[in-house]
J.: 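Structure provided below as structure tokens; questions to follow.
Chain A is the first sequence line, chain B the second, and so forth, proteins listed ahead of strands; every chain is numbered from 1. Only heavy atoms go into these numbers, but all of them, side chains included; no hydrogens, no water, no symmetry mates.
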Amino acid sequence: MTELAVAPAPSDFIRDVVAEDLRTGKHTRIVTRFPPEPNGYLHIGHAKSICLNFGIAHEFNGICNVRMDDTNPTKEETEYVDSIMADVYWLIDGWADKNLGGAPLYTSDYFDRLYQFAVELIAKGKAYVDDMTAEETDEFRRLGKASRFRNRPAEENRDLFERMKGGEFPDGTRTLRAKIDVNAPNVWLRDPVLYRIRHASHHHTGDKWCVYPMYDWAHTLSDYIEGITHSVCTLEFEVHRPLYDWILQALELSPPVPHQYEFARLNLTYTVMSKRKLIQLVNEKLVNGWDDPRMLTISGLRRRGVTASALRAFAYNIGITKYPGMTDMAVLDHTIRDEFNRTAERRLVVLHPLKVLLTNYPEGKVEELEAVNNPEDENAGRRKVPFSRELFIDAADFMETPPPKYFRLKPGGEVRLKYAYIIKCDEVVKDSSGNVTELRCTVDLDSKSGGATSNRKVKGTIHWVSAAKANDAEVRLYDRLFTAVEPDASGDFKSFINPHSLDVVTAKCEPALADATPEKRYQFERLGYFTLDPDSTATKQVWNRTVTLKDTWAKEAKRS
RNA sequence: UACCCCGUGGUGUAACGGUAACACAGCGCCCUUUGGAGGCGUUAUUCUUGGUUCGAAUCCAAGCGGGGUAGCCA
């Protein structure tokens, strides 16, 4: 099993529609799109959407456009465009052709055409310039009342709209509104605003414009312009769909026209997903930037060590529906472990070193013992691990007064050192304040792994490194960022930040780990999966714990 | 409040009028030189009430519950 996570093509209600439209000949080539607003970094919820839209294009031989939905100059920045494209390419690379979507497109590149469409709508008597304030507009809409400017002659509307574009009027003084039905049951049909005045510099069009289209106008027509067949968005836009369809009909656009479909956005336990909250975490320095490995941003997940293929497998596992549920973070963890168990090479690393002296093992002797790189993959080969008189084991693998069912080292007890010998703890050395500083043990020389007399069983097997040959490395142990299942369910989500979400230790690593590369994932035996962080230098490795191993002992220990 | 959408084990999904299944989580056992992985088993599900039908998770109606929308944000 070297092919990973190439799951069978998933099926869901949207793919069903796509397949049907192809079957009936309604469409001959599928075009989807992923339309982020460049006002923040992409998160795992966007990954779900990317996998859906690119997935459909990929499976049905179509294309998927990445389109910056940049109609609000006051919120959008080029930095975000760059991060978004980096994330999208990373996520789809090796799975769908990058050129499936090509270079990023921009709604702002269509501003001229969108403006012309608006002029057309005015000419058809289906839009008018309104002079009411934002507050008045809101109130009238709530009351279902018509604006007193609603019946302006088309020519006056045309003139006013042109002068809006010309910059004659200050921000907020006028809007262009669709003339639909001020009393419609669906509030989005109560003469929605199509254009507003914003004397602001735009990240992509500079100072060319001072009127900017609203989402519904821009998005619908951008879909049409690009020949989108299936415009897939999240549930909160469901009530916009009648407006989407109205716009296409009002302009009497020739078919085929796009159709909008909605699915439930991703909700995950123990995290927050809204851009507003993520940006707060960054700005208030509660995390170290957008790509902090504790963030559920795509860049954060990438830095943490999650692979694109694992993220895609996750998107596949959770499915697509209209039910707005809450997915357990355990599903993400499981998906990552599932892949890494098959692909990650094993290494011995001691996180919290406790010295062990083997009293009956010769001083100065070094044995090169053989270790399996990956028990799940024979092709991963073997390596040598040096063994000597002084070792480090993890402090958690020794207890002076252990609870029942503790299989590791204890005074007078025995344990197997992985790939090496069985040792017995004879003596516990402590400092003046009673802390254990060293263990004196004896080796059963007949118990060497792979040897003729190695068959003796002991209950526990622990990892270790040779003190003389070990290399130091910084290891960043990440845990979930929030302690509450739903941090934003009530109160201030920041009050649920996990104070132990990051623990930094200096670990002792076996020599073979020195050759590690950033692309590879490693399992530190019995501890978890780890990835080299970009903070690493030629002289110092920095490791991120992507996810722990499943730990049934922790559960057992909690019980007693 | 109005309008729209959605209700299948604890969680996420499947079953497309014909035996309610899969994954995660949980529990138990087996195996294990990772308390990992793996294997086996197990707990537990169609919101309610009517209707249509030989037959309903599926279609219809009402109720109940949950979510969304009511920015000159997207």
J.: Checking contacts here: which listed nucleotide (B/C24, B/G68, B/C73) is nearest the side-chain heavy atoms of A/Ala330?
T.: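 Minimum distance to the A/Ala330 side chain belongs to B/C24.
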J.: Taking any heavy-atom pair under 4.0 Å as a contact, classify A/Glu262: base, sugar-phosphate, or nothing.
T.: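 Result for A/Glu262 = nothing.
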J.: Can you pull out the residues from residues 447-457 of chain A that lie within a 4.0 Å heavy-atom distance of RNA chain B?
T.: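 Heavy-atom contacts with RNA chain B come from A/Lys448, A/Ser449, A/Gly450, A/Lys457.
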J.: Looking for any heavy atom pair under 4.0 Å, which part of the strands does A/Val187 touch: base, sugar-phosphate only, or nothing?
T.: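 Contact class for A/Val187: sugar-phosphate only.
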J.: Taking ring-ring contact (aromatic ring centres under 6.0 Å, His included) as the test, write out the residues that go with A/Phe34, two or more places apart.
T.: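 Here no residue qualifies.
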J.: Under a 3.5 Å cut-off for both contacts, is B/A70 paired Watson-Crick or G-U wobble with anything, and if yes, with which nucleotide?
T.: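 B/U1 is the nucleotide pairing with B/A70.
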J.: Could you tell me whether the side chain of A/Trp217 and the main chain of A/Tyr195 form a donor-acceptor pair under 3.5 Å?
T.: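 Not confirmed, A/Trp217 side chain does not pair with A/Tyr195 backbone.
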J.: Check the chi torsion on B/G71 and let me know: syn if it falls within 90° of 0, anti if not.
T.: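 Chi for B/G71 falls in the syn range.
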J.: Only pairs at least two apart or in different chains count here, so list each salt bridge (charged side-chain N to carboxylate O under 4.0 Å, His left out) that has a residue in residues 41-50 of chain A.
T.: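 Residue pairs passing salt bridge (charged side-chain N to carboxylate O under 4.0 Å, His left out), neighbours aside: none found.
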J.: Rounded to the nearest angstrom, tell me the gap between atom CD in A/Glu37 and atom C1' in B/G71.
T.: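 Value for this atom pair: 13 Å.
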J.: Would you say that more than 12 heavy atoms from the other residues, nucleotides or ligands in this model lie under 6.0 Å from the CD of A/Glu378, or not?
T.: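 No, not enclosed.
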J.: Starting the side chain at C-beta, find the nucleotide from B/C6, B/G35, B/G68 nearest to A/Arg526.
T.: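 That would be B/G35.
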J.: Could you let me know what B/C29 is paired to, Watson-Crick or G-U wobble, both distances under 3.5 Å, or none if it's on its own?
T.: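 For B/C29, the partner nucleotide comes out as B/G39, under the 3.5 Å rule.
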J.: So, OP1 or OP2 of B/U11: does either fall under 4.0 Å of a side-chain N or O from A/Thr327?
T.: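 False: A/Thr327 side-chain N/O out of range (4.0 Å or more) of B/U11 OP1/OP2.
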J.: If you count every heavy atom of other residues, nucleotides or ligands that lies below 6.0 Å from A/Lys410 atom NZ, does the total exceed 12?
T.: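 No, NZ of A/Lys410 has 12 or fewer neighbouring heavy atoms, counting only those of other groups under 6.0 Å.
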J.: ring-ring contact (aromatic ring centres under 6.0 Å, His included) with A/His203: which residues, sequence neighbours excluded?
T.: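 Counting only residues at least two positions away or on another chain, A/His203 forms no ring-ring contact (aromatic ring centres under 6.0 Å, His included).
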J.: Provide the distance between the two P atoms, one in B/U52 and one in B/G65, to the nearest whole Å.
T.: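 Straight-line distance between the two P atoms is 27 Å.
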J.: Measuring only the P atom in each nucleotide, how far is B/U42 from B/A23? A whole number of Å is fine.
T.: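 One P to the other, the span is 13 Å.
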J.: Could you go through nucleotides 56-65 of chain B and list every protein N or O atom that sits under 3.5 Å from one of its N or O atoms, giving the distance for each pair?
T.:
none

J.: Given B/A37, B/C72, B/C24, which nucleotide is nearest the side-chain atoms of A/Asn341?
T.: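 It is B/A37.
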J.: Students often get this wrong, so: under 4.0 angstrom with heavy atoms, is A/Lys418 touching a base, only sugar-phosphate, or nothing?
T.: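 Base: the residue A/Lys418, judged by heavy atoms under 4.0 Å, touches a nucleobase.
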J.: What are the two closest heavy atoms between A/Val272 and A/Leu278, and how far apart are they?
T.: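 Here A/Val272 and A/Leu278 meet closest at O-CD2, 3.9 Å.
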J.: Does the side chain to side chain contact (heavy atoms under 4.5 Å, CB included) test come out yes or no for A/Phe392 and A/His463, once each step is laid out?
T.: CA-CA 9 Å; A/Phe392 291 114; A/His463 58 281; over 6 Å; no
J.: Is A/Arg198 touching bases, backbone alone, or none of the nucleic acid, heavy atoms closer than 4.0 Å?
T.: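 Sugar-phosphate, backbone atoms only, no base.
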J.: Please figure out whether A/Leu417 or A/Tyr529 has its closest RNA chain B nucleotide nearer the 5' end.
T.: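 Its nearest nucleotide lies further toward 5', so the answer is A/Leu417.
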J.: Once you apply a heavy-atom cut-off of 4.0 Å, does A/Met329 come out as touching a base, just sugar-phosphate, or nothing?
T.: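 The residue A/Met329 makes no contact with any strand.
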J.: Return the nearest nucleotide to the side chain of A/Pro185; candidates are B/A14, B/C72, B/C3.
T.: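 For A/Pro185, the side-chain atoms sit closest to B/C3.
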J.: Could you pull out all residues at least two apart from A/Tyr128 that satisfy ring-ring contact (aromatic ring centres under 6.0 Å, His included)?
T.: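 Checked A/Tyr128 against ring-ring contact (aromatic ring centres under 6.0 Å, His included); zero matches.
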J.: Reckon A/Arg265 has a side-chain N or O less than 4.0 Å from the OP1 or OP2 of B/A74?
T.: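 Answer is no, no contact under 4.0 Å.
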